[in-house]
Protein chains: 2
Amino acid sequence: MVADQLADEEWDRLFHALSDTTRRDIVLQVMRQGQSISTLARRYDMSFAAVQKHVAVLERAGLVHKERRGREQHVHGAPVVLHKAARLLDSYELIWRHRAQAIDALLAEEET
Amino acid sequence: MVADQLADEEWDRLFHALSDTTRRDIVLQVMRQGQSISTLARRYDMSFAAVQKHVAVLERAGLVHKERRGREQHVHGAPVVLHKAARLLDSYELIWRHRAQAIDALLAEEET
DNA sequence: CTGATCTGCAACCACAAGGTTGTACGTTAG
DNA sequence: CTAACGTACAACCTTGTGGTTGCAGATCAG
């Protein structure tokens with residue numbers, strides 16, 4: 001559990017990668033089905049190079065993987081990192097609930 | 001469930017707010033216990049104004065709330081948005097698992 | 001009142017982000 | 001072989017981000 005934590009810069013890259021609507025949509029697309037970069041690029045109203053950059057950002061964040069298939073580059077999802085991010089946010093939320101629980105306990109004790 | 005979805009720009013702001021180590025730490029701190037901006041600022045090796053900006057980013061993302069307490073500004077956590085973010089990431093992961101399930105089903109059918 | 005403290009905001013700066021176009025290279029189709 | 005396609009990468013521009021300093025306005029202590 002502790003071992004699958006990421007370094008600060010890795011979390012930075014991960015959340016930064018998710019902070020763009022186009023990139024989140026790319027993640028959705030390749031989670032549903034792996035696609036080539038050019039196939040992806042056709043979906044968006046921007047240049048091929050721009051989409052290529054978005055994929056590179058996602059790859060550096062560990063959210064997708066690329067794999068050569070002849071002259072194409074097949075992009076597919078990597079759900080592991082996604083899972084880690086969700087669990088980190090859960091842990092933040094949990095801290096809140098622990099604290100709320102502690103306050104409740106304190107109030108209950110004061111009433112005795 | 002559909003009603004508590006956010007707009008694209010809101011998700012952008014949310015994940016962007018989380019994409020900085022200092023800001024994630026501020027979230028942790030104020031989830032544990034609400035604090036004034038100056039108290040927070042003492043924890044980090046940067047100017048008061050910088051911390052103030054970070055808090056502003058978190059506030060625009062809906063991750064924290066500010067509340068005047070005399071001359072101080074009390075910052076406390078807002079776990080609702082955190083929860084939404086975690087569930088969005090879960091839904092992305094779920095798409096992957098649905099797809100994996102469909103592939104398994106397809107393979108099982110081919111074997112008959 | 002006076003002075004210290006907490007905050008808000010504007011101006012400024014260096015650098016990274018997100019987009020463009022252009023060029024080059026490997027691969028497949030005919 | 002040649003042409004078309006998919007990709008990679010560099011140069012460039014504009015905008016935004018993260019930091020600074022400095023100043024002004026509230027508020028509390030004495």
Side-chain angles (χ1 to χ4, degrees), chain A residues 7-30 33-78, chain B residues 7-30 33-78:
Chain A
D8 283 346
E9 316 82 53
E10 292 174 309
W11 288 119
D12 288 1
R13 278 198 291 273
L14 175 50
F15 286 113
H16 172 249
L18 290 169
S19 72
D20 182 278
T21 305
T22 303
R23 282 197 292 263
R24 283 195 304 278
D25 194 69
I26 292 178
V27 169
L28 267 181
Q29 297 304 324
V30 301
Q33 182 173 14
Q35 300 177 43
S36 73
I37 301 183
S38 51
T39 308
L40 278 171
R42 271 178 233 118
R43 302 186 64 93
Y44 308 103
D45 189 23
M46 63 183 74
S47 69
F48 173 84
V51 175
Q52 203 179 0
K53 279 192 184 181
H54 281 308
V55 172
V57 170
L58 290 170
E59 196 186 18
R60 261 179 269 126
L63 283 164
V64 305
H65 290 151
K66 287 196 295 186
E67 193 185 352
R68 271 235 167 262
R69 297 240 177 130
R71 70 176 163 184
E72 291 189 349
Q73 194 82 259
H74 202 70
V75 184
H76 62 273
Chain B
D8 283 345
E9 316 82 54
E10 293 174 308
W11 288 119
D12 289 0
R13 278 197 291 273
L14 175 50
F15 286 113
H16 172 249
L18 290 170
S19 73
D20 182 277
T21 305
T22 304
R23 283 197 292 263
R24 282 195 306 277
D25 194 70
I26 292 179
V27 169
L28 266 181
Q29 297 303 325
V30 301
Q33 182 174 15
Q35 300 177 44
S36 71
I37 300 183
S38 50
T39 308
L40 279 172
R42 269 178 237 121
R43 301 186 65 92
Y44 308 103
D45 189 24
M46 63 184 75
S47 69
F48 173 85
V51 175
Q52 204 179 1
K53 279 193 184 181
H54 282 309
V55 172
V57 170
L58 290 170
E59 196 186 18
R60 261 180 270 126
L63 283 164
V64 305
H65 289 151
K66 287 196 296 187
E67 192 185 354
R68 270 236 166 261
R69 294 242 177 128
R71 69 177 164 181
E72 290 188 350
Q73 195 82 261
H74 202 71
V75 184
H76 61 274

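Lettering follows sequence order; numbering is per chain, from 1. Given the structure is predicted, the values throughout are model-derived calculations rather than measurements.
- The side chain of B:S47 approaches D:dT20 more closely than any other nucleotide in the set D:dG18, D:dA8, D:dT20.
- Nucleic acid contact for B:T22: none, since no nucleic acid atom lies under 4.0 Å from a heavy atom of the residue.
- Residue B:Q52 places at least one side-chain N or O under 4.0 Å from the OP1 or OP2 atom of C:dG8.
- Protein atom CZ of B:R13 is 11 Å distant from nucleotide atom P of D:dT17, rounded to whole Å.
- Side-chain proximity of A:K53 to C:dG19, D:dT7, D:dT20: nearest is C:dG19.
- Proximity note for B:I37 (side chain, C-beta onward) versus D:dG19, C:dG8, C:dT21: the nearest is C:dG8.
- Across all strands, A:R69 comes closer than 4.0 Å to no nucleic acid atom at all (heavy-atom distances).
- In this structure, of C:dG19, C:dG8, C:dT21, it is C:dT21 that holds the atom nearest to the side chain of A:A49.
- At distances below 3.5 Å, at least one donor-acceptor pair connects side-chain atoms of A:R24 with backbone N or O atoms of A:L18.
- Applying the 4.0 Å criterion to OP1 and OP2 of C:dC6, one finds that B:R42 has a side-chain N or O inside that range.
- Side-chain nitrogen and oxygen atoms of B:K66 include at least one within less than 4.0 Å of the OP1 or OP2 phosphate oxygen of C:dG8.
- Distance from the side chain of A:R71 is smallest for D:dC5 among the nucleotides C:dA17, C:dT7, D:dC5.
- A residue-by-residue look at A:G70 and A:S19 shows that A:S19 has its nearest nucleotide of DNA chain C further toward the 5' end.
- Closest to the side chain of A:D20, from the set C:dG18, D:dT7, C:dT7, is C:dG18.
- For B:H74 and C:dC6, the shortest distance from a side-chain N or O to OP1 or OP2 is not below 4.0 Å.
- Below the 3.5 angstrom threshold, one finds no donor paired with an acceptor across the side chain of A:E72 and the base of D:dG6.
- Within 4.0 Å (heavy atoms only), A:S38 reaches sugar-phosphate atoms of the nucleic acid but no base atom.
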